[in-house]
Amino acid sequence: MFRLTSLLLAGFLYLVSAGGAAAAGPQVSEDSQTCLECHQSVTPGIVADWRASAHAKTTPAAALAKPELQRRVSAARPPKGLEDLAVGCAECHVRRADKHAEAWDHQGFTVHLAPGPDDCAACHPQEGRQYARNIMSHAYGNLKNNPLFTTLTDEVNAPRTFENNGLRRGAVHLLTDGESCYSCHGTKLVMKGMKARETSQGEMEFPVLQGWPNAGVGRMNTDGSKGSCSSCHPRHRFSLKVARSPYTCSQCHKGPDVPAYKIYQVSKHGNIHQAQGKDWDFEAVPWTVGKDFAAPTCAACHASLVVNGDGEVLAKRTHQFNDRLDTRLFGTIYAHAHPVSPDTTVLKAPDGLPLPASLDGRPAAQGLIGKEEQARRRAAMRAVCHGCHGGGLIQGHFESLDHTTRASNAQVKTVTALMSRAWETGLAKGPAQGASPFDEYIERIWCEQWLFHANSVRLAAAMLGSDYGVFDQGRWDLTRGMQRIFEKLKKSKK
Amino acid sequence: MFRLTSLLLAGFLYLVSAGGAAAAGPQVSEDSQTCLECHQSVTPGIVADWRASAHAKTTPAAALAKPELQRRVSAARPPKGLEDLAVGCAECHVRRADKHAEAWDHQGFTVHLAPGPDDCAACHPQEGRQYARNIMSHAYGNLKNNPLFTTLTDEVNAPRTFENNGLRRGAVHLLTDGESCYSCHGTKLVMKGMKARETSQGEMEFPVLQGWPNAGVGRMNTDGSKGSCSSCHPRHRFSLKVARSPYTCSQCHKGPDVPAYKIYQVSKHGNIHQAQGKDWDFEAVPWTVGKDFAAPTCAACHASLVVNGDGEVLAKRTHQFNDRLDTRLFGTIYAHAHPVSPDTTVLKAPDGLPLPASLDGRPAAQGLIGKEEQARRRAAMRAVCHGCHGGGLIQGHFESLDHTTRASNAQVKTVTALMSRAWETGLAKGPAQGASPFDEYIERIWCEQWLFHANSVRLAAAMLGSDYGVFDQGRWDLTRGMQRIFEKLKKSKK
Amino acid sequence: MFRLTSLLLAGFLYLVSAGGAAAAGPQVSEDSQTCLECHQSVTPGIVADWRASAHAKTTPAAALAKPELQRRVSAARPPKGLEDLAVGCAECHVRRADKHAEAWDHQGFTVHLAPGPDDCAACHPQEGRQYARNIMSHAYGNLKNNPLFTTLTDEVNAPRTFENNGLRRGAVHLLTDGESCYSCHGTKLVMKGMKARETSQGEMEFPVLQGWPNAGVGRMNTDGSKGSCSSCHPRHRFSLKVARSPYTCSQCHKGPDVPAYKIYQVSKHGNIHQAQGKDWDFEAVPWTVGKDFAAPTCAACHASLVVNGDGEVLAKRTHQFNDRLDTRLFGTIYAHAHPVSPDTTVLKAPDGLPLPASLDGRPAAQGLIGKEEQARRRAAMRAVCHGCHGGGLIQGHFESLDHTTRASNAQVKTVTALMSRAWETGLAKGPAQGASPFDEYIERIWCEQWLFHANSVRLAAAMLGSDYGVFDQGRWDLTRGMQRIFEKLKKSKK
C-alpha cells in the first residue's frame with residue numbers, strides 16, 4: 001500500500017512538473033535569458049519556435065550521453081562551459097561573434113546576424129565537415145567563378161533597354177542576382193557599416209549587411225564559412241521533421257532546371273508519403289524503416305541515418321548529399337560521374353571549357369570520381385532501396401536509369417551538334433564568333449534541351465516520375481526542341 | 001453492486017445524449033428544422049458540414065458575448081429574433097429572400113439559392129464593409145466593363161472557325177466565360193424563370209439562374225451585393241481552417257498569371273507550413289503567432305487578426321486584402337500603387353487607356369493611393385513580419401522587393417516598346433490600326449511577358465519563390481520572350 | 001484491495017498482449033511464416049507494411065462474415081484452405097506460381113515476382129471482373145497495337161543523331177518505352193531466364209524479367225492477366241487510405257496530357273480535402289459522406305462505395321472507372337462517348353483511322369456507348385453529387401460541361417482543319433504524303449492543342465479547375481496555338 005501511494009504521488013508530481021515544462025527544462029545561460037526577455041515580445045514567433053526546439057529542451061552533455069546511433073550531435077565532447085546549458089540565442093549569435101564581420105554592439109552584447117556551419121560545428125562538427133564536401137556548400141563560387149555560368153546568369157538577369165534599334169544589356173544589380181540564381185545558390189554577405197533605425201525600443205544602430213537576408217545553400221558567410229544550415233533546418237526550431245520532409249527540398253528543386261521535388265511527388269514513394277506521412281515519426285533518431293516511415297522522403301535516400309527494425313544501419317547519416325550518388329544527373333550540359341572536389345571550378349573539359357564534359361560530351365579526364373568510387377556510392381544507395389525492395393527490382397531500376405543517362409546524353413549531343421552547326425553557318429553567333437552562347441533565341445531553345453528537358457528525363461528515371469519523363473518537360477519537349485532547331489537550320493540554308 | 005449499476009446507467013444515459021448531440025446544441029429555428037428534416041437525406045453532406053460548423057454550435061448572442069478579440073461576429077447586436085438560435089438554413093436562405101430575384105416557393109418557404117455578403121452582414125457587417133472595399137468584390141465589373149480587358153477575354157474565349165482561308169471569331173458563349181475568366185472573377189446571376197424537374201420527392205419547380213453555379217470572388221448577386229463569401233469560407237461548414245489554409249487561395253492564384261500559391265509553397269514559410277501545419281490551431285481567434293502557428297499562410301499576412309503571445313495585436317483582421325499592401329504587383333501591365341477605389345474602371349492612364357498606367361509605364365495621375373497611404377500599408381505588413389523577424393531582415397527584404405518592382409517595370413517597358421515598334425512598322429496590327437492588341441501570335445508573346453513572367457518575378461520577390469523568379473516563368477522567360485520579339489522585329493526589317 | 005490488484009493485473013496482462021500484438025492476430029500459414037523469417041531482416045520495410053495491412057489483421061472467413069456493405073472481399077466463399085489464415089507472402093506469391101512464367105525455385109518454394117489481378121481475384125473476383133472492363137486494364141495494348149499511337153510514341157521516344165544534314169531516328173529502346181509512355185500504361189513482362197546474383201545470404205539465382213519493375217495500370221503479366229493492383233493499392237500495405245487519396249492518381253494524371261490531379265487540387269473539393277482531409281476516415285467501408293469525408297477525392301466520384309448517413313447507397317463500388325462517366329474527355333483527338341469495349345483497338349473512325357473519331361470529328365459509328373448508356377452513367381455520377389449538392393447546381397454544372405465538351409471539340413476541329421490544310425499545301429508532310437503526322441514542329445504544335453490544351457479545358461470544366469481552363473494550358477494556349485499555326489500557313493502562301 002505504501003508503494004502504491006508513492007507511485008501515485010510520483011505520477012502526480014510528474015504531471016505538475018510537466019505542466020510547468022518550460023521552467024523545468026535545462027538551464028538557459030544568463031546571456032540568452034537576457035535576449036529572451038526582450039525578444040519574446042519583439043519577435044515572439046522565433047522565441048516560441050526555439051522553445052519548441054531540441055536546443056531548448058536538452059543540453060550538449062545530455063545529447064552526447066545518448067547511445068551513439070541516437071545522437072544528434074557529433075562533437076567528441078561538449079563545448080566548454082556550455083555542457084549543461086540549453087543552446088540558446090547567445091550560444092549561436094554571440095559565442096563566435098569575433099569571427100563575423102557583421103557583429104555589432106547590441107544591448108550590451110556583441111551579436112552577429114548570420115550564423116553559419118562553423119558556428120553550428122561546436123556541437124555538430126561531423127555534419128560541418130561532411131557539408132563542406134557537399135557540392136552545395138560551393139554553390140556560390142561554382143556559379144560566380146565559372147565564366148561560362150556567369151555569362152548565362154548575366155543573360156538571364158541583365159536589364160535590357162531598346163535603343164537605336166538594338167537591345168542594350170545593362171549591368172546586373174546585386175539585388176536581382178540575390179533574388180534570382182543566388183537565392184538558392186547563396187549570396188555573399190559583406191559588412192557595409194552601421195545604420196540607425198527606429199525600433200519599438202527607440203532608435204538603435206544595426207549593421208548593413210549586403211546579401212542579407214538569404215539562406216542559400218552556398219551562402220558566403222562573413223566568418224569565411226560556406227552555407228546556411230537554416231536552408232534545410234530553418235531557424236529557430238531546427239526541426240528534424242522539416243528537414244526530413246520533402247517540402248524543404250522543394251524550395252530549390254522544383255523548377256524546370258531541377259524538377260526533383262515534382263517528380264518525387266508523383267512517384268509511388270511520394271504518393272504514399274502524402275497519403276500516410278502525417279502518421280510517421282519524423283523526429284526519431286535513428287530513422288527506422290517500416291516503423292518510423294513507410295516510404296522514403298528525399299532525406300531518407302540522400303541524407304538520413306536509416307536503420308532496419310533490428311537497429312542495423314542501412315545507411316549512415318551524411319551531409320555530403322552525393323555520398324550515395326554515383327552520377328550527377330543535372331546542373332551541366334551532360335550527366336557525368338560526380339566531381340571529386342565540391343569546388344567545380346577546377347574542372348576543365350577536353351575542349352577547354354570550365355565544365356565536367358566538353359560540348360561534344362567527352363568527360364573531363366581529371367576531377368571526376370572513378371568507377372570504383374561510383375560503385376561504392378551506388379552500393380550505399382542500394383542499401384537504402386533494400387530497406388523495402390528485393391534485389392531484382394533494384395537491379396532492374398538501375399539498369400533502366402543507367403540506360404536513360406546514356407541515352408539522354410546522346411540526345412543532348414545531337415542537339416548540341418545542331419547548335420554548333422548553327423554557329424558555324426552563321427545562323428547564330430556563338431563563342432567562336434566572340435559572342436555569348438546564351439543570348440539569341442535559338443540558343444535559349446538549345447539550353448532548354450539540356451538545362452530542362454534532359455534533366456527532367458533523367459530525374460524521372462531516377463525517381464519514377466512518369467510524366468516528367470514524357471509530356472511534362474520530358475521526351476516530348478526534348479524531341480520537339482531538337483526538331484525545332486533542326487528546322488531553323490534547314491530553313492536558313494535555303 | 002449498486003455502484004456498478006449506477007455507473008452502467010450513467011454510461012448508458014451518456015451514450016443516449018451523445019447520440020442526440022445535435023439536440024444538445026443551441027436551439028434550431030422551426031423553419032431550419034423543417035429544412036433539415038428533408039435535406040439530411042436529400043443532401044446529407046452539407047447538412048453534416050453545417051452541423052460541424054460554428055453556425056450550428058453557437059448563437060449570435062453567445063458569439064457576441066465573447067471578449068472582443070475572440071469574436072468572430074461584428075454586429076453591434078444580434079439580429080432581432082435570432083439572438084438565441086443557431087444560424088441555420090432558413091436564417092441564410094429565407095430571411096432576406098425578398099431581396100433575391102431567384103427566390104422561389106419551395107416546400108412552403110420562399111427560399112433563395114445564392115446568399116451573398118449582404119446576407120452574411122446580419123452578423124458580420126464589418127467584414128461586409130471591408131470586403132466591399134476589396135478589389136476582389138469588383139472582379140466582375142473590373143473585367144466586364146473595361147473595354148481593353150474585354151477585348152483580351154474575348155480573344156482567349158472566342159470560338160474560331162477556319163473559313164475562306166481566314167480564322168473567323170464567333171461570339172463568346174456565356175457558359176465559356178463562366179468557366180474561364182469569370183470562374184474566378186465571378187459571374188452575373190440573372191433570374192430566367194422557373195422550370196420543373198424530377199426529384200426524389202417528385203416533380204418540383206426550381207429557378208433557372210443564369211451564371212449559377214459559381215462562387216467567384218466578384219459574383220454579382222441578385223440582391224445587388226458583390227462577391228461570394230463561400231469563395232474562401234466554403235459552404236456549409238464555413239471553416240476558419242479552410243479559409244486560413246493556403247489551399248483555398250490556390251483556386252484562383254496558381255496559374256501563370258498569378259502564381260502566388262506556387263511561390264508560397266516553395267518559400268520557407270510554405271515549406272514549414274506543409275511539414276508542421278497539421279499540428280497548428282487554425283481555428284483559434286485571435287491567431288497567436290508562435291502558439292497557434294509557426295509560419296504564415298496567405299491569411300496570416302493578408303487577412304487574419306494576428307496577436308503575439310501577450311495578446312497584443314500585430315495586425316487587425318481585414319477583408320480588404322490590399323489593406324497591408326502598398327503596391328499592386330499583378331493584374332495589369334505594370335506594377336503600381338494600389339488604386340484608391342476597388343472599382344478600377346474609373347482609372348485612366350496618361351495615354352487615355354482604361355488602365356492604372358499607360359503603355360509606356362506612366363501611372364494614372366489620379367486614382368492611385370499616395371505615398372503616405374502606401375507607407376501606412378507597408379507598416380501594417382511589416383508588423384506581421386515582426387512577429388518572427390528582426391528589423392534588418394525585414395528592411396533588406398523590402399529593399400529587394402522594391403528594386404525588383406522597379407526593375408521588372410523597366411523590363412516590361414522595354415518589351416512594350418518592342419511591341420509598339422512592331423505595330424508601327426506593320427509587323428503586327430495594333431490599336432492604332434483599329435485592330436486588337438491581343439490576337440496575333442507576337443502579341444500573345446508580348447502579353448506573356450507582363451501577364452505571366454513579370455508577375456512571377458515580382459511575386460517571387462515578395463514571397464521568396466526562388467525558381468519562380470528565374471527558370472519557372474521568371475527572368476529566363478522574360479528575357480527569352482523579349483529577345484524573341486526583338487529578333488522577329490529585326491528579321492521583318494530585312 | 002483485492003479488486004484493485006485484479007485491475008492492475010488485468011492492465012498488466014493487457015499491456016503484455018498488446019506488446020505481442022502480431023502474435024495475437026490471425027494465424028499465418030507455415031509457408032508465409034518461413035518467408036517472413038528471412039524477409040523481416042532482408043526487406044524489413046515491406047514486412048512492416050504488410051503487418052500493418054488488413055491482409056495481416058484479418059482472414060478471408062472473417063472478412064466475408066461482415067455485413068455486405070462493410071465487406072472488402074467479394075468471393076462467394078473463402079479460398080479453400082485459406083479460410084482462417086492471414087493473407088501472407090505465400091498466399092499471393094506462391095499459390096498460383098504455376099501460372100506465372102517468371103516463377104522460380106527460391107529457398108524451397110516456387111515463387112513468382114509479379115502478382116496481378118488474377119491472383120487477387122481469389123478473394124476479390126468482382127473487383128477483378130470490373131477492372132477487366134476498365135479501359136486502364138488495356139492500356140498496354142491500346143497504345144502498342146494502335147499503329148497511329150505507336151507512331152506518336154516512337155516520335156517522342158526515338159533517339160536522334162545528326163547525320164548528313166539530317167536527323168536520323170533510331171529504334172526505341174524497350175527501357176526508354178518503359179520509363180516513358182509505358183511507365184503508366186504498363187509494360188509487358190517477359191521471362192528471359194535465370195541469373196545468379198550476390199545477396200546477403202550468399203549467391204542465389206533469380207529470374208530476369210523483362211519489363212520489370214513496373215506497376216503500370218495495364219501491365220501484361222506472365223499469367224495472362226492485365227494490370228497491377230499495386231498501381232493504386234501499393235504493396236504491401238494495400239492501404240485503402242492510399243487508394244482513396246488523390247495522390248495515388250497524380251502518378252499518371254498530372255502531366256499536360258491529363259492534368260486531372262492538378263485541376264482537382266485547385267478545385268473547391270481539392271481545397272477542402274487539403275485543409276481538412278487529415279481528420280477524415282479513409283479506411284471506413286462503406287464510405288459515408290458527411291461523416292467519413294466532407295469533400296470528394298478522385299475515388300469518391302469514380303470508384304468508391306459511397307453511402308449517406310442512413311446507410312443508403314449513393315454509389316456502388318466500381319473498378320471500371322468509366323462506369324459513372326458518359327463522355328471520354330481526354331486520350332484522343334476529340335472528346336466522345338465512352339467506348340463499349342475497354343480494348344479500343346477495335347474502333348474505326350469514319351475516315352478509317354483507328355480512332356473513336358475521324359480527323360474532322362465524326363465519331364466512330366460503332367463501338368461507342370449509346371445515349372441510353374450515357375444517361376445511365378451520368379445518373380450514377382449525379383447520385384454522388386447529390387451527396388452534397390441540390391439538383392439545380394448539378395444541372396447547371398453539367399450543362400456547362402456539355403457545352404464545353406462540344407465547344408472544345410469544335411476548336412479542335414478548326415485547328416485540325418488548319419493542320420490538314422498545311423499538309424495539303426505542302427507546308428508539312430502528313431499521312432497522305434506517307435509521312436508521320438507527329439514529327440515536324442508544326443505538327444507538334446497541332447498535337448498540343450488537342451493532346452494538352454483541349455483536354456485541360458474539358459477537365460477544368462468537369463472538376464472546376466479555374467485557371468487550367470484559361471491561362472494554364474487552357475483557352476489561352478488553345479487559341480494561341482491555333483493562331484500560330486494559322487500565321488505559319490498564311491506566311492507560307494506568300
Side-chain angles (χ1 to χ4, degrees), chain B residues 40-49 51-52 113 155-162 165-167 173 175-176 178-181 183-184 197 199-200 206-209 212-213 215 230 234 237 239 241-242 244-245 247-248 250-252 254-258 261 278 282 439-441 444 451-452, chain C residues 265-268 270-276 278 288-291 294-295 308-310 312 386-393 395-397 399-400 403-404 407 410-411 413-415 417-418 421 457 460-461 464 466-472 474-476 479-480 482-484 486-487 489-490 493:
Chain B
Q40 64 195 354
S41 55
V42 177
T43 54
I46 53 173
V47 171
D49 243 18
R51 285 200 203 280
L113 270 178
E155 287 299 345
V156 171
N157 291 335
R160 268 88 159 159
T161 43
F162 183 38
N165 296 322
L167 267 187
H173 197 285
L175 290 175
T176 298
E179 267 181 18
S180 178
C181 311
S183 153
C184 284
R197 205 169 55 231
T199 78
S200 57
F206 292 97
V208 177
L209 185 57
W212 178 258
S230 192
R237 181 155 177 179
S239 154
K241 184 174 190 172
V242 170
R244 281 173 171 176
S245 290
Y247 315 113
T248 206
S250 79
Q251 190 165 345
C252 296
K254 199 186 173 190
D257 51 320
V258 42
Y261 173 77
K278 78 175 181 67
F282 282 89
D439 57 344
E440 296 173 71
Y441 183 60
R444 290 292 185 97
L451 187 57
F452 295 174
Chain C
Q265 289 292 80
V266 301
S267 75
K268 194 47 86 190
N271 300 167
I272 293 172
H273 166 259
Q274 286 174 94
Q276 302 187 321
K278 77 177 181 65
T288 307
V289 62
K291 180 173 151 281
N308 67 16
D310 301 327
E312 290 165 351
H386 263 301
C388 289
H389 299 293
L393 187 146
Q395 182 80 8
H397 169 69
E399 272 171 20
S400 196
H403 169 77
T404 290
Q411 298 272 71
K413 191 173 166 175
T414 298
V415 80
L418 291 170
R421 178 68 59 89
V457 163
L464 306 181
S466 305
D467 226 347
Y468 293 98
V470 197
F471 289 124
D472 206 338
R475 289 170 178 89
W476 173 268
T479 51
R480 179 189 190 270
M482 194 186 293
Q483 178 71 22
R484 194 173 182 195
F486 174 70
E487 291 183 13
L489 201 56
K490 223 170 71 174
K493 282 187 194 149

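Just the heavy atoms: all of them, side chains too, but no hydrogens, waters or symmetry mates, feed the values below. First the proteins, then the strands, lettered A, B, ... as listed; each starts at 1.
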Task: Part of B/Ser200 lying under 4.5 Å from any heavy atom of chain C - done: neither
Task: Side chain / backbone / both / neither for B/Phe162 at chain C, heavy atoms under 4.5 Å - done: both
TODO: Considering non-hydrogen atoms only, spot the tightest contact between C/Thr479 and B/Ala158 and give its length.
DONE: CG2-O, 4.2 Å
Open item on the list: Does any backbone or side-chain atom of B/Glu440 lie under 4.5 Å from a heavy atom of chain C? Answer side chain, backbone, both or neither.
Closed with: both
Open item on the list: Less than 4.5 Å apart, side chain to side chain, heavy atoms only: is that true for C/Asn271 and B/Ser250?
Closed with: yes
Task: Greater than 12 external heavy atoms within 6.0 Å of C/Lys268's NZ - done: yes
TODO: May I ask you to test the B/Cys252-C/Asp467 pair for a side-chain heavy-atom distance under 4.5 Å?
DONE: no
- [ ] Give, as side chain, backbone, both or neither, the part of B/Asp439 having an atom under 4.5 angstrom from any heavy atom of chain C.
- [x] backbone
- [ ] Kindly indicate whether the side chain of C/Phe471, heavy atoms from C-beta on, has any atom under 4.5 Å from the side chain of B/Leu451.
- [x] yes
TODO: Report yes if some heavy atom in the side chain of C/Arg484 is under 4.5 Å from a heavy atom in the side chain of B/Arg444; otherwise report no.
DONE: no
TODO: Examine whether an atom of B/Arg237 lies under 4.5 Å from a heavy atom of chain C, and if so say whether it belongs to the side chain, the backbone or both; otherwise answer neither.
DONE: side chain
Open item on the list: Taking side chain as everything from C-beta outward and backbone as N, CA, C, O, which of these in C/Phe486 sits under 4.5 Å from a heavy atom of chain B? Side chain, backbone, both or neither.
Closed with: side chain
Task: Closest contact, heavy atoms only, C/Cys388 versus B/Ile46 - done: O-CG2, 3.2 Å
TODO: Give the minimum heavy-atom separation between C/Gln483 and B/Leu167, together with the two atoms involved.
DONE: OE1-CD1, 3.9 Å
